[in-house]
Amino acid sequence: PEPAGMERSRSLGPALPPYEPLSEGLDMEGLPRSTVVSVEPSPPPPPPPRDHLAWSLCTTLYANICCLGFMALVFSVKSRDRKVLGDYSGALSYGSTAKYLNITALLLNIFLIIILVALIASSAISIVNLFNQEQERHPFLNPT
């Protein structure tokens, strides 16, 4: 019959190998007591994502066409909140949305300004032409 300890080791799994004795002439004091761990410097953390808050604020105040500036401001604030909480992927998503809303509002405002300048210029030209035609029809109204 096997000893009781061997039966228990078989029931718990494979038997563990016995400890090996120290070599002749060595004791515990002869073995090194320290362990050297080399630590490599970690790469610097990526910069936090931009929230475009200042740009969104300017778009809201000066170029709020179709409320795009206000929406950009809302997404910028959400991006800043996510950045403070440490959720960089959420902050990047909200910041990207704010950026595209700002770009869209800027392009629409430039387009509307160009149309407005063209309308003012064409109406000014039409008024001058109309005034010249009236001067040709009624020559006695010419200034002396």
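What you see below is based on every heavy atom in this structure, not just the backbone, and it leaves out hydrogens, waters and symmetry mates.
Here Val74 sits in one hydrophobic cluster together with Phe70; the rule is ILVMFWY side chains under 4.5 Å apart, joined directly or through other members. When hydrophobic side chains of Ile, Leu, Val, Met, Phe, Trp and Tyr are connected at separations under 4.5 Å, Ile110 ends up clustered with Leu106, Ile114. Chaining together hydrophobic side chains whose heavy atoms lie under 4.5 Å apart places Leu61 alongside Leu53, Leu57, Tyr62, Leu73, Val77. Under a 4.5 Å side-chain heavy-atom criterion applied to ILVMFWY residues, the cluster that includes Ile65 comprises Leu68, Met71, Phe75, Tyr94, Leu101, Leu108, Leu112 as well.
Taking all atoms of both residues into account, the shortest heavy-atom contact from Ser123 to Ile120 is OG-O, 2.9 Å. Of all heavy-atom pairs spanning Pro49 and Ala91, the tightest one is CG-CB, 3.7 Å. Scanning all heavy atoms of the two residues, the minimum distance from Pro48 to Lys83 falls at CB-CD, 3.6 Å.
For the atom pair CD (Gln135) and CG (Leu130), the distance works out to 10.5 Å, reported to the nearest 0.5 Å.
Taking Phe111 as the reference, Ile115 meet the side-chain contact (heavy atoms from CB on, under 4.5 Å) condition, with sequence neighbours excluded. With sequence neighbours excluded, the residues satisfying side chain to side chain donor-acceptor pair (under 3.5 Å) with Asp87 are Ser89. For Asp81, there are no salt bridge (charged side-chain N to carboxylate O under 4.0 Å, His left out) partners two or more places apart in sequence or in a different chain.
Residue pairs that meet the salt bridge (charged side-chain N to carboxylate O under 4.0 Å, His left out) test with at least one member in residues 94-116, sequence neighbours left out, do not exist here. Annotation: side-chain hydrogen bond (donor to acceptor under 3.5 Å, both in side chains) contacts involving residues 43-61, sequence neighbours excluded, comprise Asp51-Arg80, Ser56-Ser76, Ser56-Asn102, Thr59-Asn102. Applying the salt bridge (charged side-chain N to carboxylate O under 4.0 Å, His left out) test to pairs two or more places apart or on separate chains, none has a residue in residues 100-125.
Side-chain N or O atoms of Ser96 include none that pairs as donor or acceptor with a backbone N or O of Leu92 at under 3.5 Å.
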